[in-house]
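First up is the structure itself, then whatever we jot down about it.
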Amino acid sequence: MTDLKRTHTCGQLRKSDAGSEVVLSGWVDTRRDHGGVIFIDLRDRYGKSQIVFNPERNHEAHERASNLRSEYVIAVKGKVSERPDGMTNPDMSTGEIEVYVETLELLNTSETTPFEITADTEVSTELRLKYRYLDLRRPVMQKNMMFRHKVCQVARRYFDRNEFVDIETPILTKSTPEGARDYLVPSRINRGQFYALPQSPQLFKQLLMVSGMDRYYQIVKCFRDEDLRAQRQPEFTQLDLEMSFVNEEDIMTIIEGLVVAIFKETVGRELHTPFERTSYRDAMDRYGCDAPDLRFDMTIHEITDIGEKSDFKVFQSVAKSGGQIRGINASGCATFSRKEIDEFTSFVNQFGAKGLAWFKVDDNGLTSQIAKFFSAELQAEIIERFNARPGDLLLFVADKESVVSQSLSQLRLNIAKQRGLMKDDEFHFSWVVDFPLLEYNEEAGRYDSLHHPFTSPHHEDFAILEEKPLDVRARAYDLVLNGIELGGGSIRIHRADIQKRIFSLLNIDEATAQKRFGFLLEALKYGAPPHGGIALGLDRMVTLLLKLDDIREVIAFPKTQKATCLMADAPSEVDGNQLKELGLTLLKPE
RNA sequence: GGGGCCGUAGCUCAAUCGGUUAGAGUACCAGACUGUCGAUCUGGAUGUUGCGGGUUCGAGUCCCGUCGGCCUCGCCA
């Protein structure tokens with residue numbers, strides 16, 4: 001038991017506190033033992049304070065202080081003093097004072113930690129995750145966690161003042177086999193049956209609108225059993241909302257207000273609204289993806305027509321077989337060596353592109369191995385189309401649209417990164433709108449929802465729903481920040497008859513629709529209001545605000561790429577009795 | 001499921017073409033030191049080179065397998 005109770009935190013004391021008697025507690029950060037006087041930087045969540053043990057002031061405390069080691073937990077009582085002239089530390093907020101210790105209480109010792117808590121040097125992810133509680137003791141991680149907290153607080157205040165109600169939705173819910181893989185939870189009471197963890201609270205928030213809750217929000221965990229990436233964890237957090245009697249503009253305005261508030265109150269930045277809008281078609285044509293990074297230009301242009309007229313066989317055959325030829329202008333990159341261009345070629349190979357055609361631009365036109373297949377007129381057309389100038393490098397992919405788009409989109413990002421065009425202190429928001437409602441799934445030979453099956457089509461496209469389904473636009477919108485999809489949403493279908501039409505378009509028969517979404521269809525019969533919503537990826541947003549590139553940096557206890565928790569050692573095998581109680585048997589490993 | 005990178009002292013890394021006693025910095029331990037703040041100085045201890053097998057006179061180094069971490073394609077309505 002401790003007698004000393006802290007009166008101040010380690011980041012709190014200032015010159016004005018000089019003369020007062022205080023108690024501090026915290027962790028021994030660094031120790032500087034001069035044999036005579038001993039200095040210790042005492043650390044807690046709030047900061048660091050230098051405490052001083054002087055044998056002339058207190059012999060016993062000084063004696064005991066020489067046994068203190070890194071990460072020991074102590075409480076000290078002493079007097080705050082202004083530091084002597086020339087001894088202040090301008091790098092510390094408490095650097096003008098120090099505390100002369102009169103009483104030292106050792107609250108706990110510590111073994112040597114597996115890595116240094118204060119070390120600037122990077123420690124392997126593996127160790128950090130295994131000893132996450134120590135990793136989280138590092139000031140930078142504490143800062144990240146507190147920043148995330150602040151973002152949430154700003155969001156909650158914003159939602160509250162805009163009449164949103166925070167309502168919790170179930171974690172144990174029904175499996176929806178569309179979309180990502182579900183995490184399943186076996187039911188003991190209902191043997192042979194399973195809950196699923198929600199991929200999002202989608203249906204519940206729509207049902208809350210049917211309930212007349214009008215405006216719902218939640219900061220909520222979602223679960224998707226898919227492979228991990230730096231930007232993707234199996235459990236992640238969404239800023240989720242749904243509103244009644246609204247259209248796209250209302251949702252976008254609310255979100256713009258939220259994002260403005262978050263940026264202003266957490267990083268002190270003013271954002272300009274409304275955010276830029278890009279149609280899905282434009283985004284795909286100009287950037288090759290539906291989440292373009294608009295911090296730089298380097299847009300894609302198509303030259304299928306020119307390629308067809310050229311004598312270059314690869315371009316000819318692609319153009320004739322319904323493929324396309326598009327490219328980008330890597331401005332000022334004509335100095336790139338063959339080796340560097342070869343690296344780009346193998347880079348686009350991974351997205352299915354069979355090759356990368358290129359021209360360097362000089363005063364006389366285009367030069368490259370394939371330039372001879374292009375007449376002067378065609379070369380001039382290419383130069384004009386790309387607004388190319390001497391010193392530029394033009395890069396082309398010829399293939400089917402999906403391959404061309406993805407290759408050029410990734411290549412564009414790759415080159416921009418190399419050339420430093422992506423500035424991390426620039427935040428370029430945009431909305432991508434007018435998504436197609438459906439996409440054709442070649443493998444399954446049917447249409448799939450691009451967003452989800454509850455997304456409303458545009459009013460004026462209802463007429464062509466059955467005859468030209470791929471031309472139907474969805475009332476969906478994605479919020480994109482610096483090439484990263486921060487979130488997306490839609491105006492939902494609120495009428496049962498339309499929802500049924502969509503299910504039948506998706507080849508979901510009546511019986512299946514009833515089995516999976518019967519409760520939604522039923523609810524839509526009882527006066528469901530028009531409604532819509534959106535969800536933002538909180539982890540991603542916090543990561544971007546902090547100019548980091550890995551969402552694990554803002555998640556307290558993240559999983560490894562194999563979806564394990566190195567600290568808790570999860571997942572793990574369970575006792576046979578637990579399985580038996582659940583009525584489960586495991587298949588023998590193959 | 002595919003491709004790639006990595007694994008050496010507590011930590012971060014080095015170790016030439018496969019060569020004899022595997023090093024450095026830091027942390028740690030001991031001693032010295034009354035104004036440091038990455039304290040300093042002197043000394044010390046520290047290794048299943050992830051694990052298993054193979055090739056070789058000889059393997060940290062080459063080969064095969066395996067485990068783990070990371071990146072990435074597929075996947076993520």
Side-chain angles (χ1 to χ4, degrees), chain A residues 29-42 48-57 62 66 69-71 81 83-92 94-95 98 100 110-131 134 176-182 199-200 202-203 222-234 236 346-352 403 406-407 410 414 435 437-439 441 443-444 447-455 474 476 485 488 490 502 506 508 516-517 537 549-550 552 559-562 564 566:
Chain A
D29 188 62
T30 53
R31 179 175 61 105
R32 296 175 294 278
D33 186 344
H34 288 251
V37 69
I38 297 174
F39 299 99
I40 281 176
D41 289 340
L42 194 63
K48 293 175 191 172
S49 284
Q50 173 164 286
I51 59 176
V52 189
F53 295 87
N54 190 318
E56 287 164 14
R57 289 217 178 196
H62 175 267
S66 61
R69 294 294 180 269
S70 289
E71 302 310 315
S81 301
R83 292 201 193 177
D85 278 348
M87 298 304 162
T88 60
N89 184 344
D91 298 332
M92 286 171 86
T94 59
E98 57 197 352
Y100 281 91
S110 171
E111 290 185 16
T112 302
T113 49
F115 50 86
E116 292 163 62
I117 304 305
T118 53
D120 313 321
T121 49
E122 273 308 306
V123 182
S124 71
T125 314
E126 197 171 352
L127 262 186
R128 291 180 58 198
L129 293 182
K130 182 170 179 190
Y131 298 95
L134 295 179
T176 52
E178 287 82 13
R181 288 184 196 91
D182 283 323
Q199 296 180 25
S200 86
Q202 183 60 36
L203 295 178
C222 302
F223 306 86
R224 293 179 190 174
D225 186 5
E226 297 293 344
D227 287 358
L228 286 78
R229 293 280 193 287
Q231 290 283 2
R232 213 197 288 165
Q233 282 273 303
F236 60 100
S346 46
F347 176 76
V348 296
N349 284 156
Q350 63 177 321
F351 307 106
V403 169
Q406 200 191 356
S407 301
Q410 295 290 343
N414 188 321
F435 281 83
L437 186 71
L438 304 167
E439 61 185 344
N441 181 335
E443 227 173 284
Y447 298 110
D448 281 343
S449 294
L450 200 71
H451 194 58
H452 59 52
F454 320 111
T455 299
E485 185 195 324
S490 62
I502 298 295
L506 294 170
I508 300 174
R516 290 184 191 162
F517 312 112
D549 47 24
D550 191 333
R552 281 172 297 202
K559 304 273 189 292
T560 67
Q561 199 173 40
K562 281 208 174 140
T564 65
L566 294 177

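Here is the naming used below: chain letters follow the sequence lines, and residue numbers restart at 1 for every chain.
A:Gln50 and A:Asn89 are not linked by any side-chain donor-acceptor pair at a separation below 3.5 angstrom, with hydrogens and angles left out of the test. In this model, no donor atom of one side chain and acceptor atom of the other lie less than 3.5 Å apart for A:Ser81 and A:Arg83.
Across the strands present, B:rC5 finds its partner in B:rG69; the criterion is a Watson-Crick or G-U wobble pair with both atom distances under 3.5 angstrom. Under the Watson-Crick or G-U wobble criterion, with both distances below 3.5 Å, B:rC37 has no partner in any strand shown. Under the Watson-Crick and G-U wobble criteria, each requiring two contacts below 3.5 Å, nucleotide B:rA27 is left unpaired.
Atom-to-atom, CG of A:Asn89 to C1' of B:rA39 comes out at 13 Å; the value is rounded to the nearest Å. Look at CZ on A:Phe39: it is 8 Å from P on B:rG35, rounded to the nearest Å. Note: CD (A:Glu226) to C1' (B:rC75) measures 5 Å, nearest angstrom. Spacing between atom CD of A:Gln231 and atom P of B:rC76 amounts to 18 Å, rounded to whole angstrom units. The nearest whole Å value for the distance from the CZ atom in A:Phe53 to the P atom in B:rC37 is 18 Å. Between the OH atom of A:Tyr100 and the C1' atom of B:rU34 there is a distance of 10 Å, rounded to whole Å. For A:Glu126 and B:rC67, the CD to P distance is 15 Å, given to the nearest whole Å. Look at CZ on A:Arg32: it is 17 Å from C1' on B:rA27, rounded to the nearest Å.
The residues A:Glu226 and A:Arg181 are annotated as salt-bridged, a charged nitrogen and a carboxylate oxygen being separated by less than 4.0 angstrom.
Note on A:Asp448: nothing from the nucleic acid sits closer than 4.0 angstrom, heavy atoms only. Residue A:Thr564 is in sugar-phosphate contact alone, with no base atom involved, counting any heavy-atom pair closer than 4.0 Å across all strands shown. Among the heavy atoms of the strands lying under 4.0 Å from A:Ser70 are primed sugar atoms or P, OP1, OP2 only; no base atom is included. As judged by a 4.0 angstrom heavy-atom cut-off over every strand, A:Leu566 is placed among residues touching the sugar-phosphate backbone only. A:Thr30 comes within contact range of the sugar-phosphate backbone alone, with a heavy-atom separation under 4.0 Å but no base atom that close. At the heavy-atom level, A:Asp33 lies under 4.0 Å from base atoms of the strands shown. Heavy atoms of A:Arg31 sit nowhere under 4.0 angstrom from any nucleic acid atom. If you check every strand for non-hydrogen atoms under 4.0 Å, A:Arg83 touches a base. Contacts of A:Gln199 with the nucleic acid, taken as non-hydrogen atoms under 4.0 Å apart, are absent. Nucleic acid contact for A:Phe517: none, since no nucleic acid atom lies under 4.0 Å from a heavy atom of the residue. Using a 4.0 Å heavy-atom distance criterion, A:Leu127 is classed as a sugar-phosphate-only contact. Here A:Gln406 lies in heavy-atom contact (under 4.0 Å) with sugar-phosphate atoms only.
The gap from the P atom of B:rU8 to that of B:rU61 amounts to 13 Å, rounded to the nearest Å. B:rC37 sits 50 Å from B:rG52 when the C1' atoms are compared, rounded to a whole Å. Here the separation of B:rC29 from B:rA45, taken at their P atoms, is 16 Å to the nearest Å. Look at the P atom in both B:rG69 and B:rA22: the space between them is 31 Å, to the nearest Å. Nucleotides B:rA59 and B:rU49 have their C1' atoms positioned 11 Å apart, rounded to a whole Å. Using C1' as the reference atom, B:rG68 and B:rG25 are 26 Å apart when rounded to the nearest Å. Between B:rC76 and B:rC6, the two C1' atoms lie 26 Å apart (nearest whole Å). Atom name P, nucleotides B:rC62 and B:rU26: the rounded distance is 30 Å, in whole Å.
Residue A:Gln561 has its side chain nearest to B:rU72 when only B:rU72, B:rA77, B:rC73 are considered. With distances taken from any side-chain atom of A:Pro453 to the nucleotides B:rA77, B:rC33, B:rA27, the minimum falls on B:rA77. Picking from B:rC73, B:rA77, B:rG35 the nucleotide with the shortest atom distance to the side chain of A:Ser449 gives B:rA77. Distances from the side chain of A:Asp550 to the nucleotides B:rC71, B:rC73, B:rG68 place B:rC71 closest. Which of B:rG1, B:rG10, B:rU34 sits closest to the side chain of A:Glu116 comes down to B:rG10. Nearest nucleotide to the side chain of A:Asp227, out of B:rG35, B:rG68, B:rC75: B:rC75. With B:rU34, B:rC37, B:rC70 as the choices, the nucleotide that has an atom nearest any side-chain atom of A:Asn54 turns out to be B:rU34.
Residue A:Thr560 places at least one side-chain N or O under 4.0 Å from the OP1 or OP2 atom of B:rG69. Between A:Thr118 and B:rG38 there is no side-chain polar atom (N or O) within less than 4.0 angstrom of OP1 or OP2. Close to B:rA30, at under 4.0 Å from its OP1 or OP2, lies a side-chain N or O of A:Arg69. The phosphate of B:rC70 has OP1 or OP2 within less than 4.0 Å of a side-chain N or O from A:Arg552.
Syn is the conformation of B:rC17, whose glycosidic angle sits no further than 90° from 0.
Both A:Ser200 and A:Gln350 lie close to RNA chain B; mapped to their nearest nucleotides by heavy-atom distance, the more 5′-ward contact belongs to A:Gln350. Each of A:Glu98 and A:Gln410 lies near RNA chain B, and the nucleotide nearest A:Glu98 is the one positioned closer to the 5' end.
Relative ring orientation between A:His452 and A:Phe454 is described as tilted, the plane-to-plane angle lying within the 30° to 60° band.
Per the stacking criterion (ring centres < 5.5 Å, plane angle < 30°), A:Phe115 does not stack onto the base of B:rC11. In this structure, A:His34 forms no aromatic stack with the base of B:rG35, since the conditions of centre separation below 5.5 Å and plane angle below 30° are not both met.
Between the NZ atom in A:Lys130 and the OG1 atom in A:Thr125 there is a gap of 14.5 Å [rounded to 0.5 Å]. Distance check: A:Thr30 OG1 to A:Phe39 CZ gives 11.0 Å after rounding to the nearest 0.5 Å.
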- Query: Stepwise, does the salt bridge (Lys or Arg N to Asp or Glu O under 4.0 Å) test hold for A:Arg31 with A:Asp41?
  - Reply: CA-CA 7 Å; A:Arg31 179 175 61 105; A:Asp41 289 340; over 6 Å; no
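Not a single donor-acceptor contact under 3.5 angstrom links the side-chain atoms of A:Arg181 to the base of B:rG74. Within 3.5 Å, a donor on the side chain of A:Arg232 pairs with an acceptor on the base of B:rC76, or the reverse. Between the side chain of A:Gln50 and the base of B:rU36 there is at least one donor-acceptor pair of N/O atoms closer than 3.5 Å. Within 3.5 Å, no donor on the side chain of A:Arg128 pairs with an acceptor on the base of B:rC11, nor the reverse.
Within a 6.0 Å radius of NZ in A:Lys559, other residues, nucleotides and ligands contribute more than 12 heavy atoms.
Looking at every heavy atom in both residues, A:Val403 comes nearest to A:Phe351 through CG1-O, 3.8 Å.
Judged by distance alone, with hydrogens and angles left aside, the side-chain atoms of A:Gln233 form no donor-acceptor pair with the main-chain N or O of A:Arg552 at under 3.5 Å.
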